[in-house]
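Quick notes on the structure that follows.
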Amino acid sequence: MGDLKTTDAALDTFEEHRSTLTGVAYRMLGRVADAEDVVQEAWLRWSGADRGEVRDARGYLVRVTTRLAIDRLRQAQSRREAYVGSWLPEPIATDFGHTVPDTAERAVLADSVSFAVLVVLESLSPLERAVFVLREAFGFPYQEIAVTLDRSEAAVRQLAGRARRHVAEGKPRFSVDPASQRDLTERFLAAATGGSIGELLALLAPDVRLVSDSGGRAKAPLRVIDTADKVGRFLVAVGQEGLPEPEFRFMEINGRPGLCVLSRGRPDTVFSLDVADGHITAIYLMRNPDKLAGLARQACPADHAGGAAGWFGLSPAASSPSGV
């Protein structure tokens, strides 16, 4: 009976911190399945640990999860070098408005899972990525991150500075309110499916980029498409091809208003847009069926994204981000 109570207590403690652990693992790895595997391994470590020696359960679990994610990220880097075409993170359905009432905190959390930031994080070393995620998304103090990574606090601060500068250089510099971005996303759909190259070009920034991820499993460009003219012509051509029993759902994807295109009730394509000064500056197009399977479970069938945000470490239970 005592062992059962101990196991229940261990599970209760773990479940209390699961959303934070999953949020860390997803931002580190960019794949839902990989994040789930890491969190499951963290549970096995936790259930077999001498918990009487653990004074800070949350710190212990984050430390274990982060180190497991770093190991998996190092293994994944060689596989990604052989990946067919561009690599994008797996899209997740989010709904920050219902789970994180504070506007400033919501903006930081949304930014930390955006396609733009996660793509930039791919170019960081595993240690830089871990420091950025723990500091910028979850607000962990430098001293705690140093213990997690078994590095000095001075070294962690250097890693954080490099990561922050790199991300700042690679992500959009302008923020757009969700209503404006939703409006632009709807106009984007109308122009692309309506075959109006003129209307579409009016929405695109001159130096817009389209990045697509099919993993070689679906029809999509293998290289980045640059400039408004090339991107516009590609989108109009795709919009005219048509899909069997198409449906279009606007939803919050990775903290941004996005578009999920379904065919016969299953996700076929996901669009996520970066916007600045009223124009689309980047388009992320996901067509890899392996990466869309999770989105089908989360939200696509129900035209809303409720519930997923808390699961990905985006609930008020996660630490509030803090300044440097």
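In what follows, residues are counted from 1 in the order of the sequence shown.
Not a single side chain to side chain donor-acceptor pair (under 3.5 Å) links Glu144 to another residue, sequence neighbours left out. Judged as a side chain to side chain donor-acceptor pair (under 3.5 Å), and not counting sequence neighbours, Asp207 has no contacts.
For the residue pair Asp213 / Tyr284, no side-chain donor-acceptor distance below 3.5 Å is found, with atom types taken as modelled. Between the side chains of Arg287 and Ser212, not a single donor N or O lies within less than 3.5 Å of an accepting N or O.
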| said: Using the rule given for side-chain contact (heavy atoms from CB on, under 4.5 Å), can you reason through Thr20 versus Leu61, listing the C-alpha separation, both sets of side-chain angles and the distance that settles it, and then say yes or no? | reply: CA-CA 10 Å; Thr20 297; Leu61 289 168; over 6 Å; no
| Audit row: Leu68, Thr65, side-chain contact (heavy atoms from CB on, under 4.5 Å) steps and yes/no | CA-CA 5 Å; Leu68 289 170; Thr65 299; 5.7 Å; no
| said: Could you go through Tyr26 and Val38, starting from their C-alpha distance and side-chain angles, then the distance that decides it, and tell me whether this counts as side-chain contact (heavy atoms from CB on, under 4.5 Å)? | reply: CA-CA 9 Å; Tyr26 172 76; Val38 162; over 6 Å; no
| task | Kindly indicate, with the supporting measurements, whether the criterion side-chain contact (heavy atoms from CB on, under 4.5 Å) is fulfilled by Glu128 and His166. | result | CA-CA 10 Å; Glu128 288 173 337; His166 197 78; over 6 Å; no
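Using a 4.5 Å cut-off on side-chain heavy atoms (C-beta onward), Asp111 and Arg256 make contact. In this structure the side chain of Leu73 never reaches within 4.5 angstrom of the side chain of Ile70, judged on heavy atoms. A 4.5 Å side-chain heavy-atom check between Phe138 and Arg27 finds at least one atom pair inside the cut-off. Residues Asn254 and Thr94 fail the side-chain proximity criterion, which asks for heavy atoms closer than 4.5 Å. Contact annotation: the side chain of Met286 never approaches that of Ile253 to less than 4.5 Å [non-hydrogen atoms, C-beta and beyond]. Counting only heavy atoms from C-beta outward, the side chains of Glu199 and Leu203 never approach each other to under 4.5 Å. Within the 4.5 Å cutoff, side-chain heavy atoms of Phe271 are placed close to those of Leu235. Put simply, the side chain of Trp87 reaches to within 4.5 Å of the side chain of Lys291, judged on heavy atoms.
One finds the CG atom of Leu159 at 14.5 Å from the CZ atom of Arg129 (value rounded to the nearest 0.5 Å). Taken to the nearest 0.5 Å, the CZ atom of Arg233 stands 10.5 Å off from the CG atom of Leu200.
Looking only at distances, no side-chain donor or acceptor of Tyr142 sits under 3.5 Å from a matching main-chain atom of Arg135. Judged purely by atom type and a 3.5 angstrom limit, Ser272 has no side-chain atom pairing as donor or acceptor with the backbone of Gly258.
Residue Val236 is grouped with residue Leu184 when hydrophobic side chains (ILVMFWY) are merged at heavy-atom distances under 4.5 angstrom, including chains of intermediate members. Linking ILVMFWY residues whenever their side-chain heavy atoms come closer than 4.5 Å, directly or via other members, leaves Val119 and Leu222 in distinct clusters. The same ILVMFWY cluster, assembled from side-chain heavy atoms under 4.5 Å apart, contains both Val224 and Phe115.
The residues Glu41 and Arg45 are annotated as salt-bridged, a charged nitrogen and a carboxylate oxygen being separated by less than 4.0 angstrom. The pair Glu36-Arg31 does not count as a salt bridge, with every side-chain nitrogen at least 4.0 angstrom from each carboxylate oxygen. Between Asp71 and Arg67, none of the side-chain N atoms (NZ, or NE/NH1/NH2) sits under 4.0 Å from a carboxylate O, so this pair counts as no salt bridge.
In this structure, Gln143 places its CD atom where only 12 or fewer heavy-atom neighbours from other residues, nucleotides or ligands lie under 6.0 Å away.
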